[in-house]
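Note sheet for the following structure.
Every heavy atom of this structure was used, including side-chain atoms; hydrogens, water molecules and symmetry mates were not.
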Amino acid sequence: MGVLLADTAGLDLKRTLDSGQAFRWRWDGPVAAGVLGRRVVRLTQAPGGVRLLGADGDRVAAAVRRYLGVLPSRAHPRRAETALREDRVLARILPHTSGISLLAQDPWETFISFIISQNNNIPKIMRSIEGLSRALGASLGDGVYAFPGPERLAAARMRTLAASSLGYRAPYVRTAARLVADGRLDLAALARAELEAAREALLAVPGVGEKVGDCVLLFGLGHRTAFPVDVWVRRAVEQLYFRGRRLRLDDIQAFARARFGPHAGYAQQHLFAYARGRLRP
DNA sequence: GGGCAGGTGTAAT
DNA sequence: ATTACACCTGCC
């Protein structure tokens, strides 16, 4: 049943969907169910790649392939891995992390999701996003809800936001939604803009710091040289490249640019996955 | 039940 | 320029 998605050989679905870049996937045994826009998608790992379950047509398959980062071919994770294997440290790490893909997620949903992610943990982030979708998003049937659009979120009552356990992030989410809803922040334009200009625009939003901004750039706006530094990536860089020496954030960024260049985003994903799985704090 | 994790904003030096 | 602390919630 379903269809094997082209170009997904070698893609590790679990590593990809559980890598902290997406928050709307649920595993039911071997099947991952997620919401892409207004469509529920079910995926499973197959011997030759990723299988799209259900009776969806070619257009859906193409959309899922773009989402999974295997289209266009220049964005394919295999290219990044080939290049990153030149790095001695990553060559050692890759056997544990190979197959991770950088997802091409919806800019708006990614923007809000990572504002919620600040000073937070993944299960709680997922609950908050689920709660917002349930309260404000369109029903897609079977108890599944789309992520609410900017206008819906901008107009939401504070108590609705609070009911989704946003905590002190609620005003950040509301302000961010208003900026997008009335066009003062154009996420699509930031996807086309230069990295530094886009970064600056995101950092001007209350609740968006360097880490969240870089996550939005990398996971939602297609800026594949962004290098989000959270505590795990910091540990990985300091321990694996600098013998545990304490570095400043700017120095980590400069190091990533120099060392990984156009593949910095992918390097970050592998370092993050490795650190979370195998490094001690 | 107190301590802790997780980024950002703000106020302090 | 760097540093210390508060912020909300859920988990241990």
Side-chain angles (χ1 to χ4, degrees), chain A residues 18-24 26-27 105 107-136 153 156-180 184-185 187 190 195-196 198-221 223 226-239 242 244-256 264-265 268-269 271-281:
Chain A
D18 294 353
S19 65
Q21 52 179 324
F23 302 107
R24 294 216 75 190
R26 285 279 164 72
W27 286 94
Q105 300 184 80
W108 157 248
E109 181 173 337
T110 306
F111 178 51
I112 297 300
S113 295
F114 279 91
I115 289 175
I116 294 171
S117 81
Q118 75 154 63
N119 197 18
N120 212 341
N121 52 60
I122 289 173
K124 195 149 86 64
I125 298 163
M126 293 178 74
R127 269 197 303 276
S128 289
I129 294 171
E130 194 60 37
L132 289 178
S133 301
R134 198 169 281 275
L136 300 166
L153 211 43
R157 294 170 181 280
M158 245 7 217
R159 57 190 306 161
T160 305
L161 303 183
S164 295
S165 304
L166 299 184
Y168 64 88
R169 306 164 195 83
Y172 295 154
V173 168
R174 155 171 282 195
T175 303
R178 286 181 174 168
L179 288 172
V180 173
R184 281 177 289 168
L185 188 69
L187 295 171
L190 296 188
L195 175 79
E196 281 309 319
R199 197 167 195 264
E200 204 174 320
L202 290 174
L203 287 174
V205 179
V208 178
E210 309 224 10
K211 154 66 164 63
V212 167
D214 285 335
C215 284
V216 178
L217 290 168
L218 183 59
F219 303 137
L221 299 181
H223 283 282
F227 192 84
V229 180
D230 70 348
V231 292
W232 294 103
V233 172
R234 173 186 281 278
R235 278 169 199 155
V237 171
E238 289 175 347
Q239 292 186 28
F242 293 90
R245 182 157 68 87
R246 184 83 182 162
L247 298 175
R248 298 177 327 141
L249 184 60
D250 299 0
D251 297 331
I252 296 178
Q253 294 281 355
F255 163 79
Q268 189 271 359
Q269 280 303 90
L271 290 169
F272 176 78
Y274 181 79
R276 252 205 349 180
R278 321 184 83 91
L279 282 187
R280 303 245 135 246

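With sequence neighbours excluded, no residue forms a side-chain hydrogen bond (donor to acceptor under 3.5 Å, both in side chains) with A:R26. By the ring pair (Phe, Tyr, Trp, His ring centres under 6.0 Å) test, A:F227 is found to be paired with no residue, residues two or more places apart in sequence or in another chain being considered. Every side chain to side chain contact (heavy atoms under 4.5 Å, CB included) that A:P206 has, sequence neighbours left out, goes to A:Y172, A:T175. Residues meeting the side-chain hydrogen bond (donor to acceptor under 3.5 Å, both in side chains) test with A:Q269, sequence neighbours left out: A:S19. Residues meeting the salt bridge (Lys or Arg N to Asp or Glu O under 4.0 Å) test with A:R248, sequence neighbours left out: A:D251. With sequence neighbours excluded, the residues that form a side-chain hydrogen bond (donor to acceptor under 3.5 Å, both in side chains) with A:K124 are A:N120. Remark: A:R234 engages A:E238 in a side-chain hydrogen bond (donor to acceptor under 3.5 Å, both in side chains) (not counting sequence neighbours).
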Dot-bracket summary - DNA chain B, pairs being Watson-Crick or G-U whose distances fall under 3.5 Å, with | when paired to another strand: .||||.|||||||
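Within residues 199-208 of chain A, the residues approaching DNA chain B are A:V205, A:P206, A:G207, A:V208, by heavy-atom distance under 4.0 Å.
Going from atom CD1 of A:I125 over to atom P of B:dT8 covers 12 Å, rounded to whole Å. The CZ-P distance, from A:R234 to B:dT8, rounds to 12 Å in whole Å. Between A:E210 atom CD and B:dG7 atom P the separation is 13 Å, expressed in whole Å.
A:T110 places no side-chain N or O within 3.5 Å of a backbone atom of A:V216 that could act as its donor or acceptor partner. Looking only at distances, a side-chain donor or acceptor of A:Q268 sits under 3.5 Å from a matching main-chain atom of A:P228. Checked by atom type and distance alone, the side chain of A:Q21 never pairs as donor or acceptor with a backbone atom of A:L218 at under 3.5 Å.
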All N/O pairs under 3.5 Å across the protein-nucleotides 2-4 of chain C interface:
residue: C:dT2; atom: OP1; partner: A:R248; partner atom: NH1; Å: 2.9

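At least one side-chain heavy atom of A:Q118 sits under 4.5 Å from a side-chain heavy atom of A:Y168. A:S128 places none of its side-chain heavy atoms less than 4.5 Å from the side chain of A:R169.
Screening residues 209-220 of chain A for salt bridge (charged side-chain N to carboxylate O under 4.0 Å, His left out) gives A:R199-A:E210, A:R199-A:D214 as the qualifying pairs, with residues at least two apart or on separate chains.
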Protein-to-nucleotide contact annotation, 5' to 3' order, nucleotides 5-12 of chain C [B base; S sugar-phosphate only; - none; under 4.0 Å, heavy atom]: --BBBSS-
